[in-house]
*Asks:* 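Input: one structure, supplied below.
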Amino acid sequence: MPIRPATKDEQTEMAKLAAQAFIDDELFADVIHPHRKQYPNDTYLYWLPRLRQGWADPSNHYLVSTIERGNGQGEEIAAWAQFTRKSAKAKTGTTPAPVDVSDLPPNRAASKEYEDILERSYDSIAHEWAGPRAECWDIIWVATSPAHQGQGHGKALVEWVIEKATEDQVPSSVISAKGKDGFYNKMGYTIATSKAWEPESNPMYGLVEGGQFWWRESHLTTKPTKSK
């Protein structure tokens, strides 16, 4: 299954795919986009600014899984993922400057109260990536087009980051959405720690049921394959 780095000019296509992939998600649909039925074409405007901002950070890696369109029409993105290589050695003060998104219209489908809930909750969960887990790969998003669910695209993307973690001899983490625990468990993410909405001081507390932190630490027993 073809996996390759995403290109910057694919950001809008990726944003629209994510809007469809998470159309029924308890967080991205119910909490963040309560007006999505009234403004169904606006939800991609949640994803596009975050893709633009994330692109400016070299620790982020964007991958796409593609299929060939019929009649020689080129590639179609079936799924994409964002992975972050977290490092305890990251220099302070190196956060990329905010990217200008003033050209984008407002996201009318979003809740003004909760549109930035993930960003506001980060400080409550940052402890997960500390100590022996400060050096790790983190799965930020895996978005698969509803038309291509169950075809192995998400699995192929996750296998990419598992290979990277094995090469680097570090663990990898994911926050699983409601109903996705089984998928990640099968991929080796079996060490459960906290919930992404804990503790009570977390702005996300009480808003969702999912959000389990899962870790994969096979680097402790699996050595990277040496190239011949």
Side-chain angles (χ1 to χ4, degrees), residues 2-19 21-22 25 27-28 32 44-66 77-101 103-104 107 115-130 133-145 153-177 180 184 187 189 196 211 213-216 219:
I3 300 291
R4 63 166 174 79
T7 61
K8 194 173 183 179
D9 60 4
E10 292 173 321
Q11 289 177 350
T12 298
E13 182 181 357
M14 292 164 66
K16 290 182 177 180
L17 187 155
F22 296 102
D25 182 82
L27 176 61
F28 298 109
I32 294 178
Y44 86 99
L45 293 166
Y46 173 84
W47 299 96
L48 188 52
R50 287 160 177 80
L51 281 166
R52 289 186 183 180
Q53 185 64 51
W55 227 271
D57 187 339
S59 68
N60 289 325
H61 300 257
Y62 294 90
L63 281 293
V64 294
S65 179
T66 63
I77 297 175
W80 66 270
Q82 177 188 343
F83 306 119
T84 299
R85 179 57 166 91
K86 292 183 174 291
S87 175
K89 300 175 184 177
K91 295 179 180 179
T92 58
T94 57
T95 302
V99 172
D100 182 17
V101 294
D103 60 306
L104 298 177
N107 181 359
E115 187 172 9
D116 65 345
I117 190 70
L118 283 181
E119 290 81 4
R120 288 190 286 118
S121 66
Y122 182 82
D123 287 347
S124 298
I125 61 176
H127 63 88
E128 280 281 345
W129 301 289
R133 291 171 173 158
E135 294 284 338
C136 71
W137 280 89
D138 183 43
I139 301 172
I140 306 296
W141 322 110
V142 177
T144 302
S145 165
H153 296 284
K155 181 175 183 288
L157 288 165
V158 174
E159 286 173 342
W160 183 93
V161 79
I162 288 173
E163 182 177 347
K164 288 295 184 182
T166 301
E167 289 176 0
D168 292 353
Q169 287 291 278
V170 297
S172 57
S173 61
V174 66
I175 300 173
S176 178
K180 300 299 182 181
Y184 287 108
M187 299 295 292
Y189 292 84
F213 262 99
W214 294 101
W215 285 87
R216 191 180 196 277
H219 68 291

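One-based numbering along the sequence shown.
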*Asks:* Using the ring pair (Phe, Tyr, Trp, His ring centres under 6.0 Å) criterion, which residues pair with Trp55? Sequence neighbours excluded.
*Replies:* Tyr62
*Asks:* At their closest point, which heavy atom of Thr144 faces which heavy atom of Leu17, and how far apart are they?
*Replies:*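 Taking every non-hydrogen atom into account, C-CD2, 3.9 Å.
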*Asks:* Please give me the minimum heavy-atom distance between Ala18 and Trp80, naming the atom from each residue.
*Replies:*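 Nearest heavy atoms, Ala18 then Trp80: CB-CZ2, 3.8 Å.
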*Asks:* Assess, by modelled atom type and distance only, whether the side chains of Trp215 and Glu128 contain a donor and an acceptor separated by less than 3.5 Å.
*Replies:*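 Judged by distance alone, the side chains do pair up.
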*Asks:* Shortest non-hydrogen contact from Gly154 to Val142?
*Replies:* CA-CG1, 4.0 Å
*Asks:* Any donor-acceptor pair under 3.5 Å linking the side chain of Glu13 with the backbone of Glu10?
*Replies:*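 A pair under 3.5 Å: no.
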*Asks:* Hey, mind stepping through Trp137 and Val170 against side-chain contact (heavy atoms from CB on, under 4.5 Å) and telling me if it holds?
*Replies:* CA-CA 7 Å; Trp137 280 89; Val170 297; 3.8 Å; yes
*Asks:* Thinking salt bridges, do Arg133 and Asp138 make one under a 4.0 Å N-O criterion?
*Replies:*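 No.
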*Asks:* Donor-acceptor pair, Asp116 side chain versus Glu119 backbone, under 3.5 Å?
*Replies:*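 No, the answer is negative, given that no donor and acceptor are paired below the 3.5 Å cut-off.
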*Asks:* Please name all residues satisfying side-chain hydrogen bond (donor to acceptor under 3.5 Å, both in side chains) with Thr66, sequence neighbours left out, ordered by chain then number.
*Replies:*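 If we apply the side-chain hydrogen bond (donor to acceptor under 3.5 Å, both in side chains) test to Thr66, skipping adjacent residues, the hits are Glu75.
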*Asks:* Distance only, no hydrogens: is a donor on one side chain within 3.5 Å (strictly under) of an acceptor on the other, for Tyr189 and Ser176?
*Replies:* no
*Asks:* Could you tell me whether Lys155 atom NZ has more than 12 heavy atoms of other residues or ligands within 6.0 Å of it?
*Replies:*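 No, because the 6.0 Å sphere around NZ of Lys155 holds 12 heavy atoms or fewer from other groups.
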*Asks:* Quick one: does any side-chain atom of Gln53 pair with a main-chain N or O of Val99 as donor and acceptor, under 3.5 Å?
*Replies:*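 At least one qualifying donor-acceptor pair exists.
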*Asks:* Which heavy atom of Ser172 sits nearest a heavy atom of Ala165, and at what distance?
*Replies:* CB-CB, 4.1 Å
*Asks:* Any donor-acceptor pair under 3.5 Å linking the side chain of Trp141 with the backbone of Gln82?
*Replies:*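 Pair absent, no side-chain N/O of Trp141 close to backbone of Gln82.
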*Asks:* Look at the side chain of Gln169 and the backbone N and O of Thr166, then say whether any donor-acceptor pair between them is shorter than 3.5 Å.
*Replies:*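 Yes: the side chain of Gln169 pairs with the backbone of Thr166.
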*Asks:* Can Arg120 be said to sit on top of Tyr122's aromatic six-ring, NZ or CZ under 6.0 Å from centre and within 45° of the ring axis?
*Replies:*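 Checked: cation-pi criterion not met.
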*Asks:* Below 4.0 angstrom, N of the basic side chain to O of the carboxylate: do Asp100 and Arg52 qualify?
*Replies:* no
*Asks:* Decide, yes or no, whether a salt bridge links Glu159 with Lys164 under the criterion of side-chain N to carboxylate O below 4.0 Å.
*Replies:*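 Between Lys164 and Glu159 there is no salt bridge, as every charged N stays at least 4.0 Å from the carboxylate O atoms.
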*Asks:* Is there a donor-acceptor pair under 3.5 Å between the side chain of Asp57 and the backbone N or O of Ser59?
*Replies:* yes
*Asks:* What distance separates Ile32 CD1 from Leu118 CG, expressed to the nearest 0.5 Å?
*Replies:*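 It comes to 5.0 Å.
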*Asks:* Does any donor atom in the side chain of Ser173 or Trp214 lie under 3.5 Å from an acceptor atom in the other side chain?
*Replies:*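 On atom types as modelled, these side chains do not qualify, holding no pair under 3.5 Å.
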